[in-house]
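This report concerns only the one structure given below.
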Amino acid sequence: MEISVIASSSVESEIGSWDLKTGNKLLQFKPCASPAHGLTAVGEKFLAASQLRKESASSGSIFYWSWNKPQVEVKSFPVESIKALTANNEGTYLVGGGTSGDIYLWEVATGKLLKKWHGHYRSVTCLVFSGDDSLLVSGSQDGTVRVWSLIRLFDDFQRQHGNTLYEHNFNEHTMSITDIVIDYGGSNALIISSSEDRTCKVWSLSKEKLLKNIIFPSAINSLALDPCGSVFYAGARDSKIYIGAINATSEYGTQVLGSVSEQSKAVTCLAYCADGNLLISGSESGMVCVWDPKSRRPVRTFNLGKNPVNNIQVVRKTIVANSNKAQSSWKRRGSLIPPPLEKYERSGEDTMDGIVTIEPLPYSDVPVYNSFLSADLIDEQVKELQQQGSAATEIEMERLKLEYKRSLQMNDQWQKNYENLLQVVMEEEQIGGSN
């Protein structure tokens, strides 16, 4: 497993890349001028970034880089400027948030725009998927945080008979949302949002309400969640990284992990790497700092240059002999990465009676329900993790237990469907015999 730190700037320059373990400088990607939350790794496949709109441009732009080439390989031009950009864990879908408040969902392998909907009244500032990829959480300049179920978005019946497209709407921030993190609880997850109003708010999905409001001395630009789930880190404009305790009784966040700059440069972005329990921060000074949260000391620094850092990604790449298997369909078209993203939704060709059909990826070796692992496989993984017994593996165990439950539910559902179908066939045979 290769773990690298990727950092970009809002000023046109190179995207920096470093090996987290050795500190060695890796391939630099160029050119790029991405907005905050506009940089994302698409699974282990490639790197994508939305670009700040130039005054002369009539549309937005999203660039792709493969891991082994510094130049942009694919350029897409969405209908508007895209701010926030994110991909699901497997790199199947890419989601962008526009300046109009619209949200776009593309299929990566084909570039198809599968869905577009109006998510917010003002620009979308951040997007994040839940751990199981079933939910998408968005934040906006209008101060709202909204939770979207991907199943509901593609369900015409629910969309036509429901009052709203979103599952939850949290609107107690008074200024623009700057960042969002979500824990591993699925539909019972906690969401933490930060805002220019100098607060971080903890929301409960299951209770559909605000659990905690924490006030900080400065506006918060960025968040990172400790894997234990009880602590989060908040990067502030006063150059400090604050520690927030989700279960703390105090409404004020004053505990400080450290300051990233003696020149009072704002902390602009944060990321947490569970491998080694390291916190990575970026700042307006152009420095990327790797922290040990336990000792509260920096263990390594990287320099992006004089330009401010506004995005950080921790990328894990599995080093295997057949690592290009997932890209085989793209290679047949003469490219290492997929085609450009489409500007508009297709009408008629891929829809029937208002139902959108999402086909499995061309390179998939398993059926449509490939997100559900077999119960036996999950049970084996849980046993292995129980033997390891670390804090990080406990989180993974909870995720696998949830996946195990979902697999059993899916099995029960298929069994019921089979029994119902069998009953219908038998009844039809009886009717045919009596006639």
Side-chain angles (χ1 to χ4, degrees), residues 4-18 25-41 46-67 69-78 80-86 96-99 123-127 139 141 176-179 194 196 218-224 235-239 241 259-271 280-290 301-315:
S4 58
V5 176
I6 312 289
S8 69
S9 175
S10 58
V11 179
E12 186 167 312
S13 58
E14 294 182 338
I15 298 175
S17 177
W18 303 270
K25 191 174 183 179
L26 304 177
L27 189 66
Q28 311 293 290
F29 308 94
K30 57 185 179 182
C32 180
S34 61
H37 305 294
L39 177 72
T40 186
F46 59 93
L47 190 64
S50 55
Q51 302 296 298
L52 289 169
R53 188 183 212 169
K54 296 181 179 179
E55 293 183 4
S56 59
S58 60
S59 65
S61 55
I62 296 173
F63 293 172
Y64 290 172
W65 294 265
S66 62
W67 296 118
K69 290 184 179 180
Q71 297 84 12
V72 176
E73 288 206 56
V74 174
K75 294 183 180 181
S76 302
F77 299 97
E80 66 168 317
S81 181
I82 299 297
K83 294 289 188 180
L85 190 70
T86 192
T99 53
S123 177
V124 179
T125 54
C126 41
L127 292 164
Q141 280 186 347
S176 177
I177 305 300
T178 56
D179 205 357
S194 62
E196 293 180 353
S218 175
I220 301 300
N221 285 328
S222 54
L223 297 170
R237 294 184 183 175
D238 62 2
S239 82
I241 300 174
S259 179
V260 298
S261 171
E262 296 179 357
Q263 291 79 32
S264 298
K265 297 289 186 178
V267 180
T268 52
C269 44
L270 293 173
I280 301 101
S281 66
S283 78
E284 285 184 345
S285 66
M287 296 298 295
V288 176
C289 188
V290 181
T301 58
F302 307 120
N303 193 347
L304 190 61
K306 297 179 180 180
N307 298 324
V309 180
N310 69 343
N311 287 299
I312 288 178
Q313 289 275 305
V314 177
V315 179

Any donor-acceptor N/O pair, N311 side chain to A7 backbone, under 3.5 Å: no

Approximate separation, where rounding is to 0.5 Å, of I241 CD1 and I220 CD1: 10.5 Å

Intermediate values then yes/no, side-chain contact (heavy atoms from CB on, under 4.5 Å), Q141 and T125: CA-CA 6 Å; Q141 280 186 347; T125 54; 3.6 Å; yes

Donor-acceptor contact below 3.5 Å, side chain H37 vs main chain T178: yes

Spacing of OG belonging to S123 relative to CD1 belonging to I82, to within rounding of 0.5 Å: 9.0 Å

Side-chain donor/acceptor of Q51 to backbone N/O of A33, under 3.5 Å: yes

Polar side-chain atom of T40 near backbone of A48 as donor-acceptor pair, under 3.5 Å: no

Flag, side chain of Q28 to backbone of S17, donor-acceptor distance under 3.5 Å: yes

Minimal non-hydrogen separation, I62 against P78, with atom names: CD1-CG, 3.8 Å

Audit row: L304, M287, side-chain contact (heavy atoms from CB on, under 4.5 Å) steps and yes/no: CA-CA 6 Å; L304 190 61; M287 296 298 295; over 6 Å; no

Donor-acceptor contact below 3.5 Å, side chain T268 vs main chain G282: yes

Polar contact flag, side-chain donor to acceptor under 3.5 angstrom, E80-T99: yes

Distance in Å, S9 OG paired with E14 CD, rounded so as to fall on 0.5 Å steps: 11.5 Å

Side-chain donor or acceptor of E73 paired with backbone N/O of Q71 under 3.5 Å: no

Gap between atom OG1 of T86 and atom CG of L39 - 0.5 Å precision: 10.5 Å

Nearest non-hydrogen partners of C269 and I312, listed with the distance: SG-CG1, 3.6 Å

Close side-chain approach of W65 and V72, heavy atoms under 4.5 Å: yes

Parallel, tilted or perpendicular, as decided by the 30° and 60° cut-offs, for the rings of F302 and W18: parallel

R237 CZ to N221 CG distance, which is reported to the nearest 0.5 Å: 4.5 Å

Between CG on residue L47 and OG on residue S8, distance to nearest 0.5 Å: 8.5 Å

Check: D179 main-chain N/O paired with S194 side-chain donor or acceptor under 3.5 Å: yes

Main-chain N/O of S283 paired to S285 side chain as donor or acceptor, under 3.5 Å: no

V315 and W67, any side-chain heavy atoms less than 4.5 Å apart: yes

S34 side-chain N/O to S50 backbone N/O, donor-acceptor pair under 3.5 Å: no

For A49 against C32, the heavy-atom pair lying closest together: CB-SG, 4.0 Å

Where Q313 and A41 come nearest, the two heavy atoms and their spacing: OE1-N, 3.4 Å

For the student: nearest non-hydrogen atoms of L270 and S222, plus distance: CG-OG, 3.5 Å

